[in-house]
Enquirer: 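Here's a structure for you.
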Amino acid sequence: MSAAVPTPTPVLDGDTAPARVRTEGRAPRRPLHTVVGILILAFMLFPLYWMVNVSLQPAGNAVATPWLPFDFTLRGYTTAIAEQGGNLVTSLVVSLGSVVFSLLVATPAAYAMAHFKFGRWSTVVLFAILITQMVPGIVVANALYSAYTDLGLLNTTIGLVLADSAAGVPFSIILMRAFMGGIPASIIEAAYVDGAGHVRAFFSIVLPMSRNALITAGLFTFLFAWGDFLFALTLTTTADLRPITLGLYTYVGSFVSDWSPIMATAVLSSLPAIALLVLAQRYVAAGVTGGAVKS
Amino acid sequence: MGELVTPGRPGTLSTPPAVPPAERGGSHKLRTRLVEVAFIVPAVVYLLLFFGYPVVKNIVMGFQEYTTKTFFTGEAPWVGLANYRTVVGDAIFDRSVLNTLLFTAGSIAGQFALGLAIALFFHKRFALSGVLRSLILLPWLIPMIAGTAVWRWILDADNGALNRILSAVPGLDLSPNWLTSTSLALVAVIGVNIWLGIPFNMTILYGGLQEIPEELYEAGALDGATGWRAFRHITWPLLRPVVTVVLVLGVVYTLKVLDVILGLTNGGPANSTQTISTFSYDMSFRQFDFGAGAALGNILIVISLVFAVVYLRLNRRAVDE
């Protein structure tokens, strides 16, 4: 399958490597294209503009929202933070937990699949990971609900962290396996000559060289866990532990007359994605193509 | 995937391959092997617990009367195929199968066509193209529930932005009940899902376009293949493997979509947007008939597996070519 898929551009250690080798440097101007491109973007991002616009409007009732937030107020945000602030913290804790857990599980596995001689077993695990992509979330939730009830994991942070990693673990393995496969075996073997075992070679050679792949995997794992709705919906039953996605969903269901705090909540829940795109763009590019390899 | 290039540290590339530590003795060899296995065990255990176990458990639950009572008594009597008979006999079932097919086909067609068009457009590089292209990813990166929340307000019949834009068009006097009419809700849900899926399709297809060597177009241009003919005879054949991946991935992911529909309509009005996935959720978590929910989940897996087989076969052929 690998031949069919765009391989993730290896984001290499340091800034020495060019990200793309194609005719870099001389982008033709083509102002008409830029105008059309902006129109396409405006069309795609209108809902996000609308989200921000409504969140800044003072009108609490369900009248037609003005097109521009001239009369803007932060009332929506103060209400949202007062009512959903705890849920934002819950999401943050769960997402960070999921990043730590997923990387701990996925990084050694990715290295093992890339460099150890497991023969056919490496292919079996890879195939199993691809198959996991076909398992519907509702099937996982259905089984986990009864298992979590027996184990006392319903309404627990650790329960959500484990379930929310169901997207991050396979994704991170595939992404990092592809990257680590690009580390020449000779570099690792040199460490063996110096007397290092697998564990030391992994920590002192492989991990530092894979820093950027780790960052990409971590960022996407964070977004997967942050955006999770299904496990939040099925594996929590009280308002005590409620991720922001579920908070937003119940908010929409109960407060439909007052859209500005709802949209303020939506904006707040979108902040990690926006921050990621602005601050870590090159990791995003690597992650999206890795997402193709994932399945 | 052998073409990855990593800068060699000076001096290390010329180092001759070391004697593998494994050759130094039997017990050492075994210990090294155990360490190697230990690297991969946590991931395998996790995948077994969070994917293997749920699939097996669902197959078993599908044959059981598994309700809230089960959680108190611990008993889940075997009922054979009763759950399957119940769900397939349910009037909602036919509707949900049809909706699943329409939702998947409509979403994939829209996402792919628009994603490809935008990818082709951005393939011609121009000022700001890189920035614009990466910003298009935003709808895909934000939580789906946030996206569906704002669409609910945009699609509102009386005060929604879409109908206000429509009413501004002269000669057009209509304000459709996008989300509350049984005939339009599915169309609206598909539309929102297309919006969500364009970034992913666009990005993967753009990546595929970048892999096509520029020289082919130059050679084609000499033979008079430009514009549509260049697309037809150069771009499309070379993009085919990527297209296969995007389409089959899209189908597998779209079949199991739940967030979009729950966020927009909750499967309503009157089950007009109910799919197998939401029907399964409804059975398990609203009616607490986990056996019936599991049966529906299993039907969904079978449908996905059929596509998986198609995927692997198409893909093998694509690799062979």
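In what follows, chains carry the letters A, B, and so on, assigned in the order in which the sequence lines appear, proteins first and then strands, with residues in each chain numbered from 1. Basis for what follows: all heavy atoms, side chains included, without hydrogens, waters or symmetry-related copies.
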Enquirer: Might you work through the side chain to side chain contact (heavy atoms under 4.5 Å, CB included) test for A/Leu277 and B/Leu135, ending with a clear yes or no?
Expert: CA-CA 7 Å; A/Leu277 208 53; B/Leu135 284 175; 4.2 Å; yes
Enquirer: So, the side chain of B/Lys57 versus the backbone of A/Leu144: is there a donor-acceptor pair under 3.5 Å, distance only?
Expert: no
Enquirer: Between the main-chain N or O of A/Ala166 and the side-chain N or O of B/Tyr46, is there a donor-acceptor pair closer than 3.5 Å?
Expert: yes
Enquirer: Do A/Pro47 and B/Trp151 have side chains that get closer than 4.5 Å, going by heavy atoms?
Expert: yes
Enquirer: Given that the side chain runs from C-beta out, which part of A/Val135 has a heavy atom under 4.5 Å from chain B: side chain, backbone, both or neither?
Expert: both
Enquirer: Pick whichever of B/Pro42, B/Ser304, B/Ala149 has the most heavy-atom pairs under 4.5 Å with chain A.
Expert: B/Ala149
Enquirer: At a heavy-atom separation under 4.5 Å, does B/Asn266 approach chain A through its side chain, its backbone, both, or neither?
Expert: side chain
Enquirer: Name the region of A/Phe202, side chain, backbone, both or neither, that has any atom closer than 4.5 Å to a heavy atom of chain B.
Expert: side chain
Enquirer: Does CZ belonging to B/Arg286 count more than 12 external heavy atoms closer than 6.0 Å?
Expert: yes
Enquirer: In terms of heavy-atom pairs under 4.5 Å with chain A, which of B/Gly160, B/Gly147, B/Ala161, B/Gly130 leads?
Expert: B/Ala161
Enquirer: Find the one option among B/Ala38, B/Ala294, B/Gly74, B/Ser134 whose heavy-atom pairs under 4.5 Å with chain A are most numerous.
Expert: B/Ser134
Enquirer: Look at the side chain of A/Thr34 and the backbone N and O of B/Ala127, then say whether any donor-acceptor pair between them is shorter than 3.5 Å.
Expert: yes
Enquirer: Where on B/Leu47 is there a heavy atom nearer than 4.5 Å to chain A: the side chain, the backbone, both, or neither?
Expert: side chain
Enquirer: Side chain, backbone, both or neither: which part of A/Met263 has a non-hydrogen atom closer than 4.5 Å to chain B?
Expert: side chain
Enquirer: Could you look at A/Leu246 and say if it's the side chain, the backbone, both or neither that has a heavy atom under 4.5 Å from chain B?
Expert: neither
Enquirer: In terms of heavy-atom pairs under 4.5 Å with chain B, which of A/Thr132, A/Ile38, A/Leu248 leads?
Expert: A/Thr132
Enquirer: If you take all heavy atoms of A/Val139 and B/Asn58, which pair is closest and at what distance?
Expert: O-ND2, 2.8 Å
Enquirer: Taking side chain as everything from C-beta outward and backbone as N, CA, C, O, which of these in A/Val267 sits under 4.5 Å from a heavy atom of chain B? Side chain, backbone, both or neither.
Expert: neither
Enquirer: Please look at B/Phe285 and chain A and tell me whether the side chain, the backbone, both or neither of the residue comes under 4.5 angstrom of a heavy atom of that chain.
Expert: side chain
Enquirer: Nearest 0.5 Å please: distance from the OG atom of A/Ser122 over to the CD1 atom of B/Ile40.
Expert: 5.5 Å
Enquirer: Could you tell me whether the side chain of A/Leu233 reaches within less than 4.5 Å of the side chain of B/Tyr281, counting heavy atoms only?
Expert: yes
Enquirer: Check whether any side-chain heavy atom of A/Ser165 lies under 4.5 Å from a side-chain heavy atom of B/Phe50, and answer yes or no.
Expert: no
Enquirer: How close do A/Met44 and B/Trp195 get, counting heavy atoms only, and between which atoms?
Expert: O-NE1, 2.7 Å
Enquirer: Run the ring-centre check on A/Tyr145 versus B/Phe71 and record whether the distance is less than 6.0 Å.
Expert: yes
